[in-house]
Engineer: 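Mind looking over this structure? Questions follow.
Predicted, not measured: the structure shown is a model, and the values here were computed from it. Numbers restart at 1 for each chain; the letters A, B, ... are given by sequence-line order, proteins then strands.
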Amino acid sequence: MSGPRVRFAPSPTGFFHVGSARSALFNWFVARQSSDGYFILRIEDTDADRNREEWVDGIVSAMSWLGLNLDQGPDRQSDNAPAHADAVAKLLAGGYLYYCDCTGDDVQARKGDNKTPGYDGHCRERGLEKSEKTGVRFKTPQTGSTVVHDLIRGDVEFQNTVIDDFIVAKSSGVVLYALANVTDDRNDAITHVIRGEEHLPNAPKQMMLWSALNEVTGDNVALPVYAHLPLLVNEQRKKLSKRKDPVATESYRDQGYLPDAFVNYLALLGWSPEGDEEMIPLERMIKEFRLEDVSHSPAFFDVKKLSHINGEYIRKLSVEQFIEISAPWVRPWDSAWQPTDREVPWTKDDFNAELFAKVAPLVQERIVLLGEIPAMVDFFFHDQPVMDDAAFTKAIKNDVVAQEMIKAAIARFADVTWEAATLHEEVAALGEGLGLVLRKAQAPIRCAVTGSLVGPPLFESLELLGRENTIARLKKALELAN
RNA sequence: GGUCCCAUCGUCUAGUGGCCUAGGACUCCAGCUUUUCAAGCUGGCUACGCGGGUUCGAAUCCCGCUGGGACUGCCA
């Protein structure tokens, strides 16, 4: 008895959807929890009109980012066209299929109010020959029922009479999803079909195809185990839409989510580890994951929770790891990849790696996304900060006491010992002289030096920035205020 | 319309007849801490959709209702 063989079979018709990412992950879990598990990536690219090569790259790179390593692939379903054609020929010869020249309009017109089942079997007994206008349909049994044994949902029964004679191959000869997928699953000796719940209605059709294929080929291939994952939905409880929802896995990478955090969150959508702890190491997830334990109901993809988990993962990193992992956002010139559409606000020459290493710990505990780093340390790498006008107006321009504070600081900073603790004391003392509590006293200085009212701890920042630079910025702010 | 799936805090979930006056996590709120912002700590709000059964006992089993969703393509 060999291990589980699973496949993730996306179609390259858009960004790599987070729902797809979760399907891929759950498949991968099943493969990796056995020493002899096998994981295939199969690109289902038979619909030439909608598929684009760049989307394939997106799938491959996103999976690699998430660490979902493959045992095989990416395979192209289009490469298996001969096998699909062979399946059609055999099924046709076996009497399981028939030609049909009905157009969509024909079917629609005949259906009228009675919409069950979709196609009325009009061509079933017409004995049509193959032509450019004929598609191929499957003769669905008109009695009995088909039961899908689903690992997550249990047995789901479909009456065969409500399943129409669905199209198996287009008039162009291209074999469609139901059969192409089944043929490839048989050839790949797939044992577990783990996919989104939207495919549940396809399962009985595919089971019929599977056993018909067993008949006509004489190969008695065992049916795979099915597991239909609950959908990922948006706030309106609708299936996540590529058009309206932020579903592109790539964009999460670009924003600075950590792959480990992303995987951990994805796993929590529909599954939960034993005990009260949700953030668990990957090895534990792989070991404990069970399809039988997957929840039945749709889950909302909650970016807030994802972000929280990401922040925790960031804080768990060592400072060295943090510096290393932040490279794409702070020194893309040193990095193997760059987040798209995110320009670093300083040049290679202005960047100071040593300085960044020193502020890194201060930044690390205040961010949730790596993409937040640049805005937080920007002021270190320019002669003058990029001034937030609203902050400047509020904290300095419209506040005479604040300006007194800056003047006092300029005078005092000239010969004070330049270290954070001393600066802290001095600012506190200066503030007291002006009747300001520390939080008020530090605000104008922070604003003048960093250009913002929020940021890393001020006195540590001043120490790193240096005396001259700090005083120059304070003077400049005073100028601007008058 | 038809078929199928689903139903515990706002969200993700734990819970498989008694351990549940329903647990954890996120969010939110309050407080503490505090050089800003975060983080951290403490506390709080809030849920078994409704109605019937079964049972000594039901969030857990059964039925009905209601609600939500998926599918219903010569897309996947």
Engineer: Between B/G69 and B/C56, how far apart are the two P atoms, rounded to whole Å?
Structural biologist: 41 Å

Engineer: Should B/C65 form a Watson-Crick or G-U wobble pair with both distances under 3.5 Å, which nucleotide is its partner?
Structural biologist: B/G49

Engineer: Hey, are A/E274 and A/R290 close enough for a salt bridge, meaning a charged N less than 4.0 Å from a carboxylate O?
Structural biologist: no

Engineer: May I ask you to say whether A/R126 pairs ionically with A/D101, meaning some side-chain N is under 4.0 Å from a carboxylate O?
Structural biologist: yes

Engineer: Ion pair present between A/D188 and A/R42, side-chain N to carboxylate O less than 4.0 angstrom?
Structural biologist: yes

Engineer: Which part of the nucleic acid does A/A443 contact within heavy-atom distance under 4.0 Å: base, sugar-phosphate only, or nothing?
Structural biologist: nothing

Engineer: Nearest nucleotide by nearest heavy atom, which residue falls closer to the 5' end of RNA chain B, A/H199 or A/Q159?
Structural biologist: A/Q159

Engineer: Would you mind classifying the nucleic acid contact of A/C447 as base, sugar-phosphate or nothing, using non-hydrogen atoms under 4.0 angstrom?
Structural biologist: nothing

Engineer: If you check every side-chain atom of A/H308, which of B/U27, B/A14, B/C74 has the closest atom?
Structural biologist: B/U27

Engineer: Does this structure show an ion pair linking A/K239 with A/E197, if we count only N-O contacts that are shorter than 4.0 Å?
Structural biologist: no

Engineer: Just checking, A/R315 and A/Y313: is the charged tip under 6.0 Å from the six-membered ring centre and within 45° of the axis?
Structural biologist: no

Engineer: Paired with B/G31: which nucleotide, if any, by Watson-Crick or G-U wobble criteria at under 3.5 Å for both distances?
Structural biologist: B/C41

Engineer: Applying the Watson-Crick and G-U wobble criteria at under 3.5 Å, what pairs with B/U3? Answer none if nothing qualifies.
Structural biologist: B/A70

Engineer: Provide, to the nearest angstrom, the distance between the CG atom belonging to A/N310 and the C1' atom belonging to B/A25.
Structural biologist: 16 Å

Engineer: Among the nucleotides B/G23, B/C75, B/C6, which one has an atom lying closest to any side-chain atom of A/H296?
Structural biologist: B/C6

Engineer: I need the residues from residues 166-174 of chain A with at least one non-hydrogen atom less than 4.0 Å from RNA chain B; give them sorted by number, or say none.
Structural biologist: A/I167, A/K170, A/S171

Engineer: Parallel, tilted or perpendicular: which one describes the rings of A/Y252 and A/F262, with boundaries at 30° and 60°?
Structural biologist: tilted

Engineer: Can you tabulate the close N/O pairs, meaning under 3.5 Å, that link protein atoms to atoms of nucleotides 59-69 of chain B?
Structural biologist:
residue : atom : partner : partner atom : Å
B/G69   : OP1  : A/K238  : NZ           : 2.5

Engineer: Within the 4.0 Å heavy-atom criterion, would you say A/E157 contacts the bases, only the backbone, or no part of the nucleic acid?
Structural biologist: sugar-phosphate

Engineer: What does A/T103 touch in the nucleic acid at a heavy-atom separation under 4.0 angstrom: a base, only the sugar-phosphate, or nothing?
Structural biologist: nothing

Engineer: Which of the following nucleotides, B/C12, B/C71, B/C5, is nearest to the side chain of A/E198?
Structural biologist: B/C71

Engineer: Using the closest heavy atom to pick a nucleotide of RNA chain B for each, name whichever of A/R315 or A/P10 lands nearer the 5' end.
Structural biologist: A/R315

Engineer: Have a look at A/F301 and say if it touches a base, only the backbone sugar-phosphate, or nothing, with a 4.0 Å heavy-atom cut-off.
Structural biologist: nothing

Engineer: Which base sits across from B/U21 as a Watson-Crick or G-U pair, both distances under 3.5 Å?
Structural biologist: none

Engineer: Taking NZ, NE, NH1 and NH2 as the nitrogens, is one of them in A/E372 or A/R366 under 4.0 Å from a carboxylate oxygen of the other?
Structural biologist: no

Engineer: Can you find a pair of side-chain heavy atoms, one from A/V136 and one from A/I167, that are under 4.5 Å apart?
Structural biologist: no

Engineer: Output the single nucleotide from B/A14, B/A76, B/C6 whose closest atom is nearest the side chain of A/R153.
Structural biologist: B/C6

Engineer: Would you indicate whether the side-chain heavy atoms of A/F380 and A/L464 approach each other to under 4.5 Å?
Structural biologist: yes

Engineer: Would you indicate which nucleotide in B/C71, B/C12, B/C6 comes nearest to any side-chain atom of A/F300?
Structural biologist: B/C12

Engineer: Once each nucleotide of nucleotides 33-38 of chain B is scored for protein heavy atoms under 4.0 Å, what B/S/- sequence comes out, 5' to 3'?
Structural biologist: --BBBB

Engineer: Would you indicate what A/E278 reaches in the nucleic acid, counting non-hydrogen atoms under 4.0 angstrom: base, sugar-phosphate, or nothing?
Structural biologist: base

Engineer: May I ask you to say what A/S295 touches in the nucleic acid, namely base, sugar-phosphate or nothing, with a heavy-atom cut-off under 4.0 Å?
Structural biologist: sugar-phosphate

Engineer: For a 4.5 angstrom cut-off between non-hydrogen side-chain atoms, does A/Q364 reach A/S326?
Structural biologist: no

Engineer: At 4.0 Å (heavy atoms only), tell me whether A/K205 reaches a base, stays on the sugar-phosphate, or touches nothing.
Structural biologist: nothing

Engineer: Can you tell which of B/U13, B/C26, B/C74 lies closest to the side chain of A/K305?
Structural biologist: B/C26

Engineer: Over how many whole Å does the gap from A/D164 atom CG to B/U3 atom C1' extend?
Structural biologist: 11 Å

Engineer: Sticking with atom P, work out how far B/U27 lies from B/C19, rounded to a whole angstrom.
Structural biologist: 31 Å

Engineer: For A/F26 and A/F289, take the angle between the two ring planes, folded into 0 to 90°, and tell me which bin it lands in: parallel under 30, tilted 30 to 60, perpendicular over 60.
Structural biologist: tilted

Engineer: Please determine if A/R137 forms a cation-pi arrangement with A/Y119, meaning its NZ or CZ atom is less than 6.0 Å from the six-membered ring centre and no more than 45° off the ring axis.
Structural biologist: yes

Engineer: Measure the acute angle between the ring planes of A/F16 and A/F8, then classify it against the limits of 30° and 60° as parallel, tilted or perpendicular.
Structural biologist: perpendicular

Engineer: Should the pair A/F459 and A/H424 be assigned to parallel (<30°), tilted (30 to 60°) or perpendicular (>60°) ring geometry?
Structural biologist: parallel

Engineer: Go ahead and name the base partner of B/U16; Watson-Crick or wobble counts if both distances stay under 3.5 Å, otherwise write none.
Structural biologist: none

Engineer: NA contact type, A/G270, heavy-atom cut-off 4.0 Å: base, sugar-phosphate, or nothing?
Structural biologist: sugar-phosphate

Engineer: May I ask you to say what A/N181 touches in the nucleic acid, namely base, sugar-phosphate or nothing, with a heavy-atom cut-off under 4.0 Å?
Structural biologist: nothing

Engineer: Rounding to the closest angstrom, what is the interatomic distance between B/G64 and B/C71 at atom C1'?
Structural biologist: 25 Å

